[in-house]
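Heads up: the structure comes next, in structure tokens.
Scope of the values below: all heavy atoms of this structure, side chains included, with no hydrogens, waters or symmetry mates. Both ligands and their constituent atoms are indexed starting at 1 by order of listing.
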Amino acid sequence: MSEYDNGSGLWTTKLGHGDAGHVGDLDPSRAGLEYFKVSEDSSKPGSWMADARTGARLWQTASGSDNGRGVAADIWAGSPGAEAWSASDTTLRSAAGASLGREPSSINFLSWWDGDPVRELLDGTRIDKYGASGDTRLLTGSGVASNNGTKSTPVLSGDLLGDWREEVVWRTGDNRALRIYSTPHQTTTKITTLLHDSQYRTALAWQNTAYNQPPHPSFLIGNGMAAAPRPTVYTP
Ligand SMILES: [Ca+2]
Ligand SMILES: [Ca+2]
Ligand SMILES: [Ca+2]
Ligand SMILES: [Ca+2]
């Protein structure tokens, strides 16, 4: 997505509907953005990664099931860029599709929560940090609930307040209030507030207007990242 986008379609794979899609600089060794998606149709590849500008498919996994959930994000510093995993797959995959081993304990949302730029896992009312031998629980929300059954979506997750780390909004179990959780961890990484990034800002809007999915900015936030771009802000 660029600031010059006019809203017309760029391409289609004709691979049909999927229950999750992720757009970001998932593979930093390739120029531009990448798109990772799962397929609901069992005759289609279970998941696939494509160049987000051209739709050219970079790699895919086997067909044969309705692949209900899938995520791509840099959750592990042991492999460059994003990792990708999905419900019908059996392994965590590198940005290039190679097998990396143990899959994370959840396949739903994401959060930048602790001090490092590698992303954490958000599922239900919990935030976990992925590790090759097991995930570590960082937060358990008490007295709050998630939405949408197994998709376990929060009311909203994203960088709403303070620095670039992401807040999460959950409803209380009695539906009488919303709570905003914010990280208690300090960071040495400096990034302009993510709502200045138009792709990320659009992603926060779609969490409340369309299919509820975690947001990604238009640039890499992850292990070994370059200095994040400074936005150019125009006012009338
Ligand atoms: Ca890329
Ligand atoms: Ca990684
Ligand atoms: Ca982190
Ligand atoms: Ca924040």
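If you put the vertex on the Ca ion (ligand 1), O of Gly32 and OE1 of Glu34 sit 100° apart, to the nearest 10°. Rounded to 10°, the angle formed at the Ca ion (ligand 2) by O of Ser79 and O of Gly81 is 100°.
When distances to the Ca ion (ligand 2) are checked against a cut-off of 3.0 Å, Asn223 contributes no N, O or S atom below that limit. For a distance bound of 3.0 Å, the N, O or S atoms of Val118 include none lying that close to the Ca ion (ligand 2). For the Ca ion (ligand 1), the N/O/S atoms of Leu33 include none lying under 3.0 Å. Under 3.0 Å from the Ca ion (ligand 2) lies an N/O/S atom of Trp76, whether from backbone or side chain. Residue Ala31: no N/O/S atom is found under 3.0 Å from the Ca ion (ligand 1).
No side-chain donor-acceptor contact under 3.5 Å links His22 to the backbone of Pro214. Between the side chain of Thr54 and the main chain of Ala56, a donor-acceptor pair closer than 3.5 Å is present. Checking side-chain atoms of Arg201 against main-chain N and O of Leu195 turns up a donor-acceptor pair under 3.5 Å.
Interatomic distance, CZ of Arg165 versus CG of Asp114, reported as 8.0 Å (0.5 Å rounding).
Here the N, O or S atom of Asp27 that is nearest to the Ca ion (ligand 1) is O. Looking only at N/O/S atoms, Asp25 comes nearest to the Ca ion (ligand 1) through OD1. Nearest to the Ca ion (ligand 2), among the N, O or S atoms that Asp74 has, is OD1. For the Ca ion (ligand 2), the nearest N, O or S atom contributed by Glu83 is named OE2.
With sequence neighbours excluded, no residue forms a ring pair (Phe, Tyr, Trp, His ring centres under 6.0 Å) with Phe219.
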Review point. Which is it for Asn108 and Ser106 under the side chain to side chain donor-acceptor pair (under 3.5 Å) test, yes or no, and what are the steps along the way?
Key: CA-CA 6 Å; Asn108 278 324; Ser106 65; over 6 Å; no
Review point. Going through the checks in order, is the side chain to side chain donor-acceptor pair (under 3.5 Å) test met by Arg230 and Thr192?
Key: CA-CA 7 Å; Arg230 296 297 304 271; Thr192 302; 3.0 Å; yes
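Between Trp76 and Tyr130, the ring-plane angle classifies as perpendicular under the 30° and 60° cut-offs. Ring geometry for Trp170 versus Tyr181: interplanar angle over 60°, hence perpendicular rather than tilted (30 to 60°).
Cluster membership check: Trp112 shares its hydrophobic cluster with Val169, using side-chain heavy-atom separations under 4.5 Å among Ile, Leu, Val, Met, Phe, Trp and Tyr.
Excluding waters, the protein N/O/S atoms found under 3.0 Å from the Ca ion (ligand 4) are Asp159 OD1, Leu161 O, Asp163 O, Arg165 O, Glu167 OE1, Glu167 OE2.
Shortest non-hydrogen contact noted between Ala50 and Leu58 is C-CD1, 3.9 Å.
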